[in-house]
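This report refers to the structure that appears directly beneath it.
Order of the sequence lines sets the chain letters (A, B, ...), proteins ahead of strands, with each chain counted from 1.
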There are 2 protein chains.
Amino acid sequence: MEKIRPFSHALDRLRDAGLRPTRQRLALAKLLFDDCDRHITAEQLHSEALAGNIRVSLATVYNTLHQFTSAGLLREIVVDAGRSYFDTNTTCHHHFFDENTGILSDVPEGQLQVTGVPTPPNGSEVESVDVVVRIRAAS
Amino acid sequence: MEKIRPFSHALDRLRDAGLRPTRQRLALAKLLFDDCDRHITAEQLHSEALAGNIRVSLATVYNTLHQFTSAGLLREIVVDAGRSYFDTNTTCHHHFFDENTGILSDVPEGQLQVTGVPTPPNGSEVESVDVVVRIRAAS
DNA sequence: GTGTTTGCAAAGTGTTTGCAATTTA
DNA sequence: TAAATTGCAAACACTTTGCAAACAC
């Protein structure tokens, strides 16, 4: 039952991942992990950082997001050609993607189920099974 | 049991869709629809066209792919941020995406099943449920 | 100090657009 | 001929990269 570890949370995460806790990484980690699960793009995170008076370049935001993803701290979600979303919830779950607003949200656990995932073609192994429920304002 | 209509196939499709059958559209439609189901990017289709001595610009390939998609002749599949795939099979089915090769292929029918698709957040309706089985060469 | 990380600006990728020239009905 | 379509090149959005300066240990 992992609960909120408000302060050293971000620091711990970086340490555990073997990432040097620089000012920028710490600040971004706080934005990403101190609250509830988040779905965010690089641009959004960059804006948030600037809004919070965290001086960080967009390039560093991209680098950091990818480092966090490699370290297993984030999961990258592909829903939109030409934009990458990162999810702070790395456990297996699925997504709603609102085509109108571009907002990504979690499908509540325990309802949607995928069964009968087939054996992939010769010599390949399944890495993940991603389900995206595309929604839009009812007509 | 719809079977092969080799020659006028592409022409019929364009007519049915209300798209003026220009030289370029006809040629692209033939490449897309005359054989089995295909998963293809704009660049790939453009290369194929050039290889087949069909003079067509990349911009027109993009326009055409989108017109075909709007007309319901194609389905756009998002598996890779920064690249769009188009599927000539518009019926409901799911995909393997090979992360190593970038090749998209169909999951054989009748195995994979999605159940319990939840009601989407207020006022939205489900447009589609896309399942991507990400695979890579076994380690 | 030494190796890592950052910021910037430039380059890259895939895609879209504006508009004159061409083509289709 | 009138309206739709095409090609080109420029513009675009997002992302990555190269390298000197700044930083963490």
Checklist line | B/H39/B/F96 aromatic ring centres below 6.0 Å | finding: no
Notebook entry, point to check: What is the nucleic acid contact for A/H66, judged by heavy atoms within less than 4.0 Å: base, sugar-phosphate only, or nothing?
Noted result: sugar-phosphate
Checklist line | Between P of C/dA11 and CG of A/L58, the distance in whole Å | finding: 18 Å
Notebook entry, point to check: Once you round it to whole Å, what is the distance between P of D/dT15 and CD1 of A/I40?
Noted result: 13 Å
Note to self: For a 4.5 angstrom cut-off between non-hydrogen side-chain atoms, does A/V79 reach B/V78?
What the structure shows: no
Next item on the list: Taking only the side-chain heavy atoms of B/R25 (C-beta and beyond), determine which of C/dT16, D/dT5, D/dA24 contains the nearest atom.
Entry: D/dT5
Margin query: For the backbone of B/P120 and the side chain of B/S124, can you confirm whether one donor and one acceptor N or O come within less than 3.5 Å of each other?
Written below: no
Checklist line | Neighbour count >12 (heavy atoms, 6.0 Å) for atom CD, B/Q111 | finding: yes
Margin query: Taking only side-chain N and O atoms of B/Q24, does any of them lie within less than 4.0 angstrom of OP1 or OP2 on C/dT23?
Written below: no
Next item on the list: Check every strand shown and say whether A/R83 touches a base, only sugar-phosphate, or nothing at a heavy-atom separation below 4.0 Å.
Entry: sugar-phosphate
Check: So, is B/S84 close to the C/dG14 phosphate, meaning a side-chain N or O under 4.0 Å from OP1 or OP2?
Finding: no
Next item on the list: Nearest whole angstrom, please: distance from the P of D/dC23 to the CZ of A/R55.
Entry: 8 Å
Note to self: Expressed as a whole number of angstroms, how long is the span from B/Y62:OH to D/dG7:C1'?
What the structure shows: 15 Å
Note to self: Nearest to the B/S57 side chain among C/dT15, C/dG7, D/dC8, which nucleotide is it?
What the structure shows: D/dC8
Margin query: Let's see if you can work this out: which of C/dT16, C/dT6, C/dT24 has an atom nearest to the side-chain heavy atoms of A/T22?
Written below: C/dT6
Checklist line | Rounded interatomic separation in angstrom, taking CG from A/L14 and C1' from D/dA24 | finding: 13 Å
Check: So what does B/T41 touch, heavy atoms closer than 4.0 Å: a base, only the sugar-phosphate, or nothing?
Finding: nothing
Checklist line | Residues, nucleotides or ligands: over 12 heavy atoms within 6.0 Å of A/N100 CG | finding: yes
Notebook entry, point to check: Mapping A/N63 and B/V56 onto DNA chain D by nearest heavy atom, which one lands closer to the 5' end?
Noted result: B/V56
Check: To the nearest angstrom, how far is A/Q67 atom CD from C/dT4 atom P?
Finding: 13 Å
Check: Considering only side-chain heavy atoms of A/E43, which listed nucleotide, D/dC14, C/dT5, D/dT5, is closest?
Finding: D/dC14
Next item on the list: Go ahead and name the base partner of D/dC23; Watson-Crick or wobble counts if both distances stay under 3.5 Å, otherwise write none.
Entry: C/dG3
Check: How do B/R23 and B/F86 order along DNA chain C: which one's closest nucleotide is nearer the 5' end?
Finding: B/F86
Check: Ignoring hydrogens and angles, are the base of D/dT5 and the side chain of B/R20 linked by a donor-acceptor pair under 3.5 Å?
Finding: no
Checklist line | Counter-base of D/dA3, judged by Watson-Crick or G-U geometry with both distances under 3.5 Å | finding: C/dT23
Next item on the list: Tell me, please, whether B/F33 has B/R13 positioned over its six-membered ring: NZ or CZ under 6.0 Å from the ring centre and within 45 degrees of its axis?
Entry: yes
Next item on the list: Rounded off to whole Å, could you give me the CG-to-P distance for the A/D80 and D/dC14 pair?
Entry: 9 Å
Notebook entry, point to check: Rounding to a whole Å, what distance do you find between B/L65:CG and D/dT6:C1'?
Noted result: 15 Å
Check: What nucleotide, of C/dA25, C/dT17, C/dC8, holds the atom closest to the side chain of A/A59?
Finding: C/dC8
Notebook entry, point to check: Of the nucleotides C/dT15, D/dT6, C/dT17, which one has an atom closest to the side chain of B/A42?
Noted result: C/dT15
